[in-house]
Amino acid sequence: MISLKTKYVGLDLETPIIVSSAGITETVERMRRCEENGAGAVVMKSLFENEISRTSPTPRFKIIKHNMGSYKTFTLFSYEQASEWGPDRYAEEVTNAKAKLKIKIIPSINCSTEGGWVSYARKMEEAGADALEINVSCPHSSITFTGKEVEKEILTAAQHVREAVSIPVIAKLSPQLTSPLSMVHALKDIGINGVTIFNRITGLDIDIEAEQPIMHRGYAGHGGPWAIMYPLRWISAIAPQVNIDISASGGVSSADDVIKYLLAGATTVQVCTAVYMNGYEIVQELVKGLTQFMERKGYQCIDDFRGKVCSRILGTTEIERRHLVVAQINKKIAPCKAACPIDQSAQAYVSLIAEGRFEEALKLVKQENPLPAICGRVCHHPCEAECTRGLIDQPLSIAALKRFLADYEMRMGVSPIQSVKLDKEDKIAVVGSGPAGLSAAYFLTQRG
Ligand SMILES: Cc1cc2nc3c(=O)[nH]c(=O)nc-3n(C[C@H](O)[C@H](O)[C@H](O)COP(=O)(O)O)c2cc1C
Ligand code: SF4
């Protein structure tokens with residue numbers, strides 16, 4: 001029986017997925033939706049000591065699309081700073097959430113004075129919080145961007161909170177620190193139970209016509225699916241070296257991303273932007289995808305594979321630097337094409353498929369091969385034995401790609417073949433109806 005149960009900073013979670021701090025976790029009703037969709041915990045929208053931050057400007061979000069040819073991604077650029085509530089109303093919501101929900105409730109605080117850190121932390125503990133996340137990384141304003149001695153100030157704040165409460169304390173860090181690893185070591189030494197790696201990055205975007213910064217003419221937070229690699233890199237470095245729970249945050253858009261974070265050593269995985277973009281139901285998909293992965297791999301619990309990738313990461317001196325692949329330009333013909341009995345330009349149609357140009361790929365295949373559906377199924381594909389990608393990991397599945405194109409043609413009803421005029425008087429008889437005979441008949445017909 002597969003179990004997703006996870007111990008995080010001493011708390012028992014049903015799943016390792018946490019909906020992270022943002023407007024989507026501000027009220028009991030929103031937290032309920034996280035619970036209903038399978039989250040193990042929520043980190044509540046941050047409570048700020050600085051009162052001006054409690055009123056966010058509108059609009060708060062802009063989706064910025066990045067298109068480079070057929071490659072597409074997006075950035076969620078946002079200015080949503082703090083919960084609109086003061087400490088008393090916020091604490092009331094913590095107590096309500098604890099009374100009404102089963103999942104673990106983790107409030108988040110962001111303070112600017114020593115007294116603030118201490119009193120807000122105590123208030124959250126008294127309200128019944130299961131743990132406390134300290135947000136020392138808000139991309140709009142926080143110690144990370146205002147302190148002269150950033151690391152020292154973060155540690156001082158963490159120490160005040162640690163001494164003020166006995167519930168588990170988690171520090172949410174910025175990706176803009178110079179040394180996340182040494183910061184996590186230092187936080188562990190003062191008794192911090194977990195770290196969230198990372199918050200969003202501060203950014204700027206510009207309207208080139210108005211020649212003005214967008215998003216209320218300020219710096220704002222930005223992130224998107226592309227943001228996963230930097231936290232992944234640091235988690236994989238920190239997990240084997242510091243015995244502390246790590247909650248991954250940044251760029252999760254699918255169950256694969258959750259699995260990557262766990263393989264890199266994260267204890268839990270947070271999701272935020274994907275909920276804004278797809279709704280709370282995305283959490284169900286993350287849970288389902290994680291369960292399916294574990295079934296496929298035969299894992300019973302997350303500890304069976306947590307951190308498995310860490311020891312497989314090579315250092316700069318260990319990376320294989322020999323040139324395994326040597327371009328065979330002097331042959332003037334791709335090895336796969338040379339190996340193919342009918343000289344099919346496999347390299348060309350594979351490239352077109354990679355760009356999503358299926359009809360052009362099909363047309364190219366048909367110029368040399370009238371039977372792609374059959375070849376894609378029965379050919380013993382000598383092209384794949386010569387595929388140079390095989391020197392790195394595995395050859396491309398050239399025959400299966402051809403089969404895909406043929407099936408695409410039938411499914412979509414597209415035909416790249418132009419009708420031809422039979423303008424020759426002479427008749428040609430083809431003897432034999434195997435692939436060679438049929439192909440000969442086809443090409444002769446094409447020529448009239
Ligand atoms: C609109 C928005 C509001 C956010 N508000 C907070 C916040 O109040 N406190 C906090 O610690 N992080 C906040 N975050 C950061 C998220 O909790 C999360 O760490 C970050 O977005 C990276 O995860 P993602 O790529 O899944 O969005 C916010 C993010 C977004 C997009
Ligand atoms: S699958 Fe067969 S027909 Fe197609 S490119 Fe490879 S060798 Fe040629």
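Just the heavy atoms: all of them, side chains too, but no hydrogens, waters or symmetry mates, feed the values below. Since we're looking at a predicted model, the values are computed, not measured. We count residues from 1, following the sequence as given. When a ligand or atom number is given, it counts from 1 through the structure's own listing order.
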Of the options Leu132, Val42, Ile167, Val43, which is the one that meets Pro107 in a side chain to side chain contact (heavy atoms under 4.5 Å, CB included)?
-> Leu132
Partners of Ser179 by side-chain contact (heavy atoms from CB on, under 4.5 Å), sequence neighbours excluded?
-> Ser182
Any side-chain heavy atom of His140 within less than 4.5 Å of one from Tyr79?
-> yes
Output for ligand 1, non-hydrogen cut-off under 4.0 Å, lists Ser20, Ser21, Ala22, Lys45, Ser46, Phe61, Leu76, Ser78, Glu80, Gln81, Asn135, Lys172, Phe198, Asn199, Arg200, Ser249, Gly250, Gly251, Val271, Cys272, Thr273, Tyr276
Sequence neighbours left out, what passes side-chain contact (heavy atoms from CB on, under 4.5 Å) with Ala41? Give chain and number order.
-> Leu13, Ile18, Lys104, Ile106
With a 3.5 Å cut-off and sequence neighbours excluded, list the donor-acceptor pairs that the side chains of residues 287-298 form with protein atoms.
{"residue": "Thr291", "atom": "OG1", "partner": "Val287", "partner atom": "O", "Å": "2.7"}

Does the ring center of Phe61 lie less than 6.0 Å from the ring center of Phe77?
-> no
